[in-house]
Amino acid sequence: MNIAINTTCIGSYADFDLAQTLHSGQCFRFEERGGAFRVCAGARCYLLSQRGSSLFLHGEAAAQDIDFLTRYFDLARDYGAIKRALSAGDPVMAEACRCAGGVRVLRQDLFEALVTFILSQNNNIPRIKKIVEALCEHFGPRLEGPCGPYHAFPTPGALAGVTAQELEPLRAGFRARYVADAVEKLARGEVSLELVREAPYEQAKAELMKIRGVGEKVANCVLLFGANRLDAFPVDVWIARAIDRLYGGEIDAGRFSPHGGIAQQYLFFYAREQGLK
DNA sequence: CTCCAGGCGTTCC
DNA sequence: GGAACGCATGGA
């Protein structure tokens, strides 16, 4: 077994906490190893750690890896300014920003976000991670990473024509046919990811909801974490209850425009830290 | 054993 | 348009 010894400092970033971001429920292909995190995204796999505000990459590092990670963790955006705007005149959001201030909104691959959030419905995170891992093992190529082999997330092509029955080894239950439907509608051109990326918010959301098993919650998460649509404000029972507890009633998503999605992530993290539900 | 998990589709009214 | 209820699976 070879141990990665090269370490590169990617940069130093305010308003960024690697562990917080990974644990904020946006992605499922990561694991803690010592004080570091093995993070897989698409066909890539990295070993990352953080000391203070500095982010470190362990293992071989090419310029494109730095670029990828800067984009993946949305490190070029000024979250400090966003937090100040969200916090102004809103004590609850201000508290959420303080608690979850290191959370970034990930810029994941759109197809990967779609499939993983289909798998997330009425499910818990440890089990989602297992199902996603099984999906990669069965349908993604085996590659060598900075700390041993891993499997890439399958491309739409790798899953083309897959049936719910063929997905049975994932133990995804009723979600298997939803994944199969998503793959089929993409292959047939009935759903366009290009449209999901480019179209106005309501149209993009409607495009995703053509897929069986994609409702408002999943669609919003896909738009937020897979298309960087920061105005997407996921509607979900859990956070709705938490927001109700925090705010004493429902809140208007437009109130946090145009960064409602970021506001939602802060609130989600904060509410969970507080044990609210 | 029951209950729950970052929901959604179906079936009622 | 909204409120029940079932759904696969596995862990607590």
Side-chain angles (χ1 to χ4, degrees), chain A residues 19-31 96 99-100 103-106 108 110 112-135 137-138 162-185 190-191 202 205-227 229-247 249-251 253 256 260-277:
Chain A
Q20 267 189 15
T21 299
L22 292 173
H23 283 126
S24 64
Q26 305 180 56
C27 60
F28 304 101
R29 296 171 62 207
F30 70 92
E31 57 189 356
C99 172
V103 171
R104 297 275 174 152
V105 173
L106 296 179
Q108 301 183 68
L110 183 52
E112 180 172 343
L114 170 61
V115 173
T116 56
F117 275 89
I118 286 173
L119 293 171
S120 80
Q121 65 176 152
N122 195 32
N123 209 345
N124 58 75
I125 289 176
R127 183 161 171 253
I128 298 166
K129 292 174 77 164
K130 285 181 183 174
I131 294 172
V132 172
E133 183 62 26
L135 175 70
E137 285 174 3
H138 281 266
V162 77
T163 64
Q165 192 167 13
E166 289 167 336
L167 293 169
E168 199 275 337
L170 310 187
R171 314 301 295 157
F174 62 87
R175 306 165 193 85
R177 70 188 186 96
Y178 297 157
V179 171
D181 187 64
V183 170
E184 181 182 347
K185 285 193 165 78
E190 293 175 25
V191 170
E202 290 297 337
K205 186 169 70 171
E207 186 72 2
L208 284 168
M209 289 174 66
K210 290 180 183 173
I211 297 165
R212 310 281 292 178
V214 176
E216 286 221 88
K217 165 69 192 331
V218 170
N220 275 309
C221 283
V222 173
L223 288 169
L224 185 54
F225 309 136
R229 307 284 298 243
L230 298 186
D231 54 337
F233 195 96
V235 183
D236 103 55
V237 177
W238 196 93
I239 193 169
R241 284 201 303 260
I243 288 174
D244 186 37
R245 287 278 301 272
L246 291 167
Y247 279 90
E250 286 201 14
I251 58 172
F256 301 121
I262 297 175
Q264 177 274 151
Q265 275 308 101
Y266 289 153
L267 284 171
F268 177 80
F269 192 94
Y270 174 64
R272 198 176 56 179
E273 287 292 301
Q274 300 297 312
L276 295 175
K277 63 175 181 179

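All chains are named by letter (A, B, ...) in the order of the sequence lines, taking the proteins before the strands, and each is independently numbered beginning at 1. Hydrogens, waters and symmetry mates are skipped; everything else that's a heavy atom, side chains included, is used.
Atom OH in A:Tyr270 sits roughly 19 Å away from atom C1' in B:dG6 (whole-Å rounding). With rounding to whole Å, A:Gln121 atom CD is found 18 Å from B:dC4 atom P. The interatomic distance linking A:Tyr178 (OH) with C:dG6 (P) rounds to 15 Å, in whole Å.
For the pair A:Lys217 and A:Phe117, the NZ or CZ position fails the cation-pi test of under 6.0 Å to the six-membered ring centre and within 45 degrees of the ring normal.
Side-chain proximity of A:Arg212 to B:dG6, B:dG9, C:dA8: nearest is B:dG9.
Between A:Leu167 and A:Leu135 the shortest side-chain heavy-atom distance falls below 4.5 Å.
If you check every strand for non-hydrogen atoms under 4.0 Å, A:Ser24 touches a base. Counting any heavy atom pair closer than 4.0 Å across all strands shown, A:Arg127 reaches a base atom. Here A:Ile128 lies out of heavy-atom contact (under 4.0 Å) with every strand. A:Gly215 comes within contact range of the sugar-phosphate backbone alone, with a heavy-atom separation under 4.0 Å but no base atom that close.
Not less than 6.0 angstrom separates the ring centroid of A:His23 from the ring centroid of A:Phe269.
The base of B:dG6 sits within donor-acceptor range of the side chain of A:Gln264, with an N or O pair under 3.5 Å.
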